[in-house]
Amino acid sequence: MSTSTEAIELSIVMPCLNEAETLAVCIDKAKGFLARSGVVGEVIVADNGSTDGSQDLARAHGARVVDVPAKGYGSALLGGIEAARGEYVIMGDADDSYDFSRLDPFVERLRAGDELVMGNRFRGGIAEGAMPPLHKYLGNPVLSWIGRVLFRSPIGDFHCGLRGFNRRSILNLHLQTTGMEFASEVVVKSTLGGLRVSEVPTTLHKDGRSRPPHLRSWRDGWRHLRFLLIFSPRWLFLIPGAVAFFLGLLGTLFITFGPIVFGDVGFDVSSQVYLAALTVVGYQSVLFAILTKIYAQHEGFRIPRSRNFDRLERRISLESGALVGLLLFLVGLGIGIWQFAIWAGTGFGSLDPSSTVRTAVLAALLMMLGSQTIMAGMFLGVLNVGLKRDR
């Protein structure tokens, strides 16, 4: 194992938190692979505060220990990746569930120019007892499917713990997550960033620990899902918001002209109030999705761009938002003034409550949508002022 910074091609990084039972065999297998293959490399143990002597054990078996005080799976890996000296990094769990003596397919793909090489346990085989049924048949397949749909990723196993990558390419993604969702972040940002991504079959063995794993199924599964959704505002905000907006708006407009009856079910004033609220919430969600994407693109985040969105972005501004918003507000205000004139014409006497409220709901909705549009335009103006200042 070479200590020359310039000569090191591969760094094998293992995150570690009290892995004394299995750490030595993982290091020995990794060193054996380097010796057998002739790859010039190093073994790094990114220790996250072990109290069972894992650090001394790692050094005794020839690994370089990097102490990472910030807690979390992602934090440990980022610390190890940043400290690595190799052009390529292969990361894997230190619980002996992955065979570090068989890394040849990863090195082959990395040398061929792939920037992220993922292991795929479903293609390579999962040993009996190596993965809980909940993870094998629900958690991993469902979350990986969601990731492929949302981000058009070719990866079939988002959460495989054994993966290799070009160190500089991954660091340029500016990874941020500190927990188990780090596994998803690597795949998502690599895909969105246009990195060359591939998979190789990988076998998952039953780990050699006598204690329970650090992974918490529901908590960490939710963190993965939350990351996937937040990083895709189109599916989390834009599409649901657009559906809510159009359903609410159409329902509000139809009920303005009178009750709607379907068989034995009728919709009148109370339904219109809730539909108007749905319209406002949906519109706010759409505006949030648009502003979030504009901000992310201006700040250089690696998110998908589309021709239609680029055209929309060129057309919206503080002025256009204020103009459209003012027009909506004035239409609503005009309806309100018209209603007031009718009321005044009756000597401010009683009016038909249902008809009056139906029209008032529409007027109030238009004024709210107008106000939201004006404020969204002003917020966009604030973003643009910040950009000019930065330049």
Side-chain angles (χ1 to χ4, degrees), residues 1-104 106-107 110-111 115-117 119 160-175 177-180 182-183 186 202 207-209 214:
M1 185 169 63
S2 172
T3 58
S4 170
T5 302
E6 292 77 18
I8 293 178
E9 180 183 18
L10 175 67
S11 297
I12 302 173
V13 176
M14 304 176 190
C16 175
L17 177 60
N18 296 325
E19 304 287 5
E21 285 185 291
T22 55
L23 184 59
V25 66
C26 291
I27 295 173
D28 290 345
K29 286 182 178 180
K31 290 183 64 180
F33 164 75
L34 295 175
R36 173 183 61 79
S37 64
V39 175
V40 179
E42 61 177 352
V43 178
I44 296 177
V45 172
D47 189 77
N48 212 201
S50 296
T51 56
D52 64 348
S54 292
Q55 302 93 325
D56 293 336
L57 184 65
R59 294 187 184 98
H61 283 259
R64 180 160 64 95
V65 176
V66 176
D67 293 313
V68 184
K71 296 299 181 183
Y73 175 77
S75 296
L77 282 168
L78 279 172
I81 294 168
E82 290 171 353
R85 299 167 182 161
E87 178 183 0
Y88 307 124
V89 172
I90 295 178
M91 54 170 262
D93 300 334
D95 58 3
D96 199 26
S97 57
Y98 297 105
D99 190 351
F100 286 98
S101 67
R102 299 180 178 274
L103 302 179
D104 306 80
F106 291 90
V107 174
L110 290 170
R111 285 175 171 173
E115 294 169 282
L116 172 64
V117 184
C160 182
L162 187 64
R163 58 187 72 184
F165 43 82
N166 182 294
R167 177 177 175 273
R168 180 51 52 194
S169 297
I170 292 299
L171 287 178
N172 286 340
L173 297 176
H174 305 293
L175 303 172
T177 53
T178 60
M180 290 292 183
F182 178 86
V186 170
T202 298
D207 69 62
R209 299 172 298 193
H214 298 300

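Please read all numbers here as calculations on a predicted model, not as lab measurements. Keep in mind that the numbers below use all heavy atoms, side chains included, and drop hydrogens, waters and symmetry copies.
- Between the side chain of S54 and the backbone N or O of A20, at least one donor-acceptor pair lies under 3.5 Å.
- Residues R111 and E9 are in side-chain contact: their nearest non-hydrogen atoms beyond the backbone lie under 4.5 Å apart.
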Inset, instruction - List the steps, then state whether side chain to side chain contact (heavy atoms under 4.5 Å, CB included) holds for E82 with L171. - result: CA-CA 8 Å; E82 290 171 353; L171 287 178; 4.0 Å; yes
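- Side chain of E42 to main chain of R85: a donor-acceptor pair is present (N/O by atom type, distance under 3.5 Å, no hydrogens or angles).
- The shortest distance between side-chain heavy atoms of V43 and L34 falls below 4.5 Å.
- A salt bridge links R59 with D56: the distance from a Lys NZ or Arg NE/NH1/NH2 to an Asp or Glu carboxylate oxygen falls below 4.0 Å.
- Formation of a donor-acceptor pair under 3.5 Å by the R167 side chain with backbone atoms of A84 is found in this model.
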Legend entry - Audit row: Q55, S50, side chain to side chain contact (heavy atoms under 4.5 Å, CB included) steps and yes/no: CA-CA 7 Å; Q55 302 93 325; S50 296; 3.8 Å; yes
Legend entry - Audit row: Y88, N166, side chain to side chain contact (heavy atoms under 4.5 Å, CB included) steps and yes/no: CA-CA 5 Å; Y88 307 124; N166 182 294; 4.1 Å; yes
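- Side-chain contact between F106 and L162 is present, with heavy atoms from C-beta onward closer than 4.5 Å.
- When atom types are taken as modelled, the side chain of N48 and the backbone of V68 share a donor-acceptor pair closer than 3.5 angstrom.
- To the nearest 0.5 Å, atom CG of residue N18 and atom CG of residue D47 are 8.0 Å apart.
- Between the CD atom in E115 and the CG atom in L110 there is a gap of 10.0 Å [rounded to 0.5 Å].
- The main-chain N or O of G161 is found under 3.5 Å from a side-chain atom of Y98 such that the two form a donor-acceptor pair.
- The pair D104-R36 meets the salt-bridge criterion, with a side-chain N (NZ, NE, NH1 or NH2) lying under 4.0 Å from an Asp/Glu carboxylate O.
- Within the 3.5 Å criterion, the main-chain N or O of S97 finds no donor-acceptor partner in the side chain of D207.
- Side-chain atoms of S11 never come within 3.5 Å of backbone atoms of V89 as a donor-acceptor pair (strictly under, hydrogens ignored).
- For the pair R163 (side chain) and V186 (backbone), a donor-acceptor distance under 3.5 Å is absent.
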